[in-house]
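Beneath this line is the structure, given in structure tokens, with notes to follow.
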Amino acid sequence: MIKVSVVGAKGRMGSHVVEAVNAAPDMELALALDAGDDLTAITPANTDVVVEFTVPSASLNNVLTLIGQSVDVVVGTTGWTPDKLAQVRGVMSAQQSVFIAPNFAISAVLADYFARVAAPYFESAEVIEMHHPDKVDAPSGTAIHTAQGIAASRKAAGLGAMPDATQTDGGSRGQVVDGVHVHAVRLRGLNAHEEVLFGNAGEQLVLRADSFDRTSFMPGVLLAVRKVETGEYPGLTVGLDNFLDL
Ligand SMILES: NC(=O)c1ccc[n+]([C@@H]2O[C@H](COP(=O)([O-])OP(=O)(O)OC[C@H]3O[C@@H](n4cnc5c(N)ncnc54)[C@H](O)[C@@H]3O)[C@@H](O)[C@H]2O)c1
Ligand SMILES: O=C(O)C1=N[C@H](C(=O)O)CCC1
């Protein structure tokens with residue numbers, strides 16, 4: 001049995017992870033901790049893998065503490081910048097595993113992957129993410145990851161800047177991530193949704209992923225726990241696509 005502890009266990013995602021772990025035949029729930037709890041209660045004696053879903057402002061410190069506790073970590077919290085990722089790499093031992101995914105839903109992971117494949121074939125690309133209004137960060141971690149992937153694919157293909165005659169926008173053109181415009185919608189009734197628009201003269205491709213509820217993330221979380229527990233992925237890995245045969 002894989003012993004799994006959950007940090008952020010009282011949250012929207014963490015509570016679903018607790019349920020999913022309890023229902024998994026090959027896992028048992030070790031500790032379920034939330035804000036104010038002492039993460040040093042998590043040790044290799046009681047935990048194989050920790051799942052961390054908290055808030056962007058707390059996640060780095062939590063992960064650094066858990067690395068100090070010599071346990072492997074699966075992280076779903078957003079807000080990871082290159083500087084934060086470097087801090088994680090800097091304190092990890094050679095055999096330890098930290099896995100971070102901006103999105104665990106297969107639809108979103110595939111949309112992100114297909115966006116990277118499509119990117120070199122279009123003059124223009126923009127990302128629109130749409131989420132529930134209780135979300136604290138914008139744009140979403142997924143949208144930032146998708147925009148970064150599109151930018152990397154365009155650069156590798158030798159594409160330059162996208163056409164855009166905008167001279168004044170007052171903010172309406174969204175956040176620019178590596179040259180890709182990202183727009184964030186917050187609407188009661190939504191959960192987690194993303195559209196990637198690609199355009200050429202006379203044609204458009206739209207990729208869309210919808211997570212209608214949080215159960216959509218659970219197979220990906222459990223897959224990551226199982227992969228990390230094998231010990232075959234030492235170091236820091238970012239993105240569930242690393243565990244899929246794409
Ligand atoms: N990777 C994915 O697939 C995915 C999917 C959904 C949400 N998310 C991300 O997961 C994060 C959590 O989302 P949510 O909707 O569950 O949020 P939430 O606000 O419902 O839950 C966050 C939980 O973390 C707890 N918390 C806050 N500070 C803490 C700390 N220092 N230590 C321990 N616990 C702490 C809170 O008390 C709360 O219970 C966000 O960053 C969100 O964007 C990622
Ligand atoms: O509900 C959220 O919050 C989500 N956060 C992640 C993100 O920011 O990309 C994944 C989708 C849901």
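Remember, it's 1-based here, ligands and their atoms both numbered in the order they're listed.
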**Study point:** Heavy atom of Arg12, distance to ligand 2 below 4.0 Å
**Key:** no
Distance, nearest 0.5 Å, that separates [atom1] of [X] from [atom2] of [Y]:
| X | Y | atom1 | atom2 | answer |
| --- | --- | --- | --- | --- |
| Ile2 | Thr47 | CD1 | OG1 | 12.5 Å |
| Met13 | Thr77 | CE | OG1 | 9.0 Å |
| Gln175 | His183 | CD | NE2 | 11.0 Å |
| Ile144 | Trp80 | CD1 | CH2 | 13.5 Å |
| Met130 | Arg186 | CE | CZ | 10.0 Å |
| Phe217 | Asn103 | CZ | CG | 5.0 Å |

Review point. Do Glu195 and Arg208 meet the salt-bridge criterion of a basic N to acidic O distance under 4.0 Å?
Key: yes
Point to revise | Carboxylate-amine/guanidinium contact Asp37 Lys10, below 4.0 Å | key: no
Would you kindly specify which portion of [X] sits under 4.0 Å from ligand 2, judged on non-hydrogen atoms: side chain, backbone, both or neither?
| X | value |
| --- | --- |
| Glu129 | neither |
| Thr142 | both |
| Ala105 | neither |

Atom indices of ligand 1, in the order listed, that fall short of 4.0 Å to a heavy atom of [X]:
| X | answer |
| --- | --- |
| Gly11 | 20 (O), 21 (O), 23 (C), 38 (C), 39 (O) |
| Val55 | 27 (C), 28 (N) |
| Lys135 | 43 (O) |

Ligand 1-proximal atoms of [X], by part, heavy-atom distance under 4.0 Å:
| X | value |
| --- | --- |
| Asp37 | neither |
| Val7 | side chain |
| Phe217 | side chain |
| Ser59 | neither |

[atom]: nearest protein contact (heavy atom, Å):
| atom | result |
| --- | --- |
| atom 10 (O) of ligand 1 | Phe53 CD2, 3.3 Å |
| atom 15 (O) of ligand 1 | Arg12 NE, 3.0 Å |
| atom 11 (C) of ligand 2 | His131 NE2, 3.5 Å |
| atom 31 (N) of ligand 1 | Ala58 CB, 3.4 Å |
| atom 2 (C) of ligand 1 | Pro102 O, 3.5 Å |
| atom 7 (C) of ligand 1 | Met13 CG, 3.5 Å |
| atom 41 (O) of ligand 1 | Thr78 OG1, 2.8 Å |
| atom 12 (C) of ligand 1 | Thr54 O, 2.9 Å |
| atom 30 (C) of ligand 1 | Asn62 ND2, 3.8 Å |

Check the hydrophobic clustering (I, L, V, M, F, W, Y; side-chain heavy atoms under 4.5 Å; chains of links allowed) and say if [X] and [Y] are grouped together.
| X | Y | answer |
| --- | --- | --- |
| Val228 | Val238 | no |
| Val177 | Val185 | no |
| Val180 | Tyr121 | yes |

Does the side chain of [X] come under 3.5 Å of the side chain of [Y] through a donor N or O and an acceptor N or O?
| X | Y | answer |
| --- | --- | --- |
| Glu203 | Asn200 | yes |
| Asn242 | Thr237 | no |
| Gln148 | Thr146 | no |
| His132 | Asn191 | no |
| Thr142 | Glu129 | no |
| Glu52 | Asn62 | yes |
| Asp164 | Thr166 | yes |

For ligand 1, find out whether one of its N or O atoms is nearer than 3.5 Å to an N or O atom of [X].
| X | answer |
| --- | --- |
| Arg214 | no |
| Leu33 | no |
| Gly76 | yes |
| Ala105 | no |
| Asp34 | yes |
| His132 | no |
| Gly14 | no |

Check your understanding: Quick one: does His132 get an N or O within less than 3.5 Å of an N or O on ligand 2?
Key -> yes
Review point. Does at least one non-hydrogen atom of Glu52 fall below 4.0 angstrom from an atom of ligand 1?
Key: no
Review point. So is Ala101 in contact with ligand 1, going by heavy-atom distances below 4.0 Å?
Key: yes
Practice item. Apply side-chain contact (heavy atoms from CB on, under 4.5 Å) to Ile100 and Val98, showing your working. Key: CA-CA 7 Å; Ile100 301 176; Val98 173; 4.2 Å; yes
Exercise for review: May I ask which of Gly220, Ala35, Ala224 has a heavy atom nearer to atom 26 (N) of ligand 1 than the others do?
Suggested key: Ala35
Exercise for review: With atom 5 (N) of ligand 2 as the reference point, say which of His145, Lys135, His193 has the nearest heavy atom.
Suggested key: Lys135
With heavy atoms of [X] as the reference, note each atom of ligand 2 found under 4.0 Å away.
| X | result |
| --- | --- |
| Gly141 | 7 (C), 8 (O), 9 (O) |
| Ala192 | 11 (C), 12 (C) |
| Thr78 | 6 (C), 7 (C), 8 (O) |
| Ser140 | 7 (C), 8 (O), 9 (O) |
| Asn103 | 10 (C), 11 (C) |

Exercise for review: Please assess Asp48 against Met1 for the test side-chain contact (heavy atoms from CB on, under 4.5 Å), listing each intermediate value before the final yes or no.
Suggested key: CA-CA 9 Å; Asp48 299 312; Met1 295 288 262; over 6 Å; no
Check your understanding: Is there a donor-acceptor contact under 3.5 Å from the side chain of Ser211 to the main chain of Asp213?
Key -> no
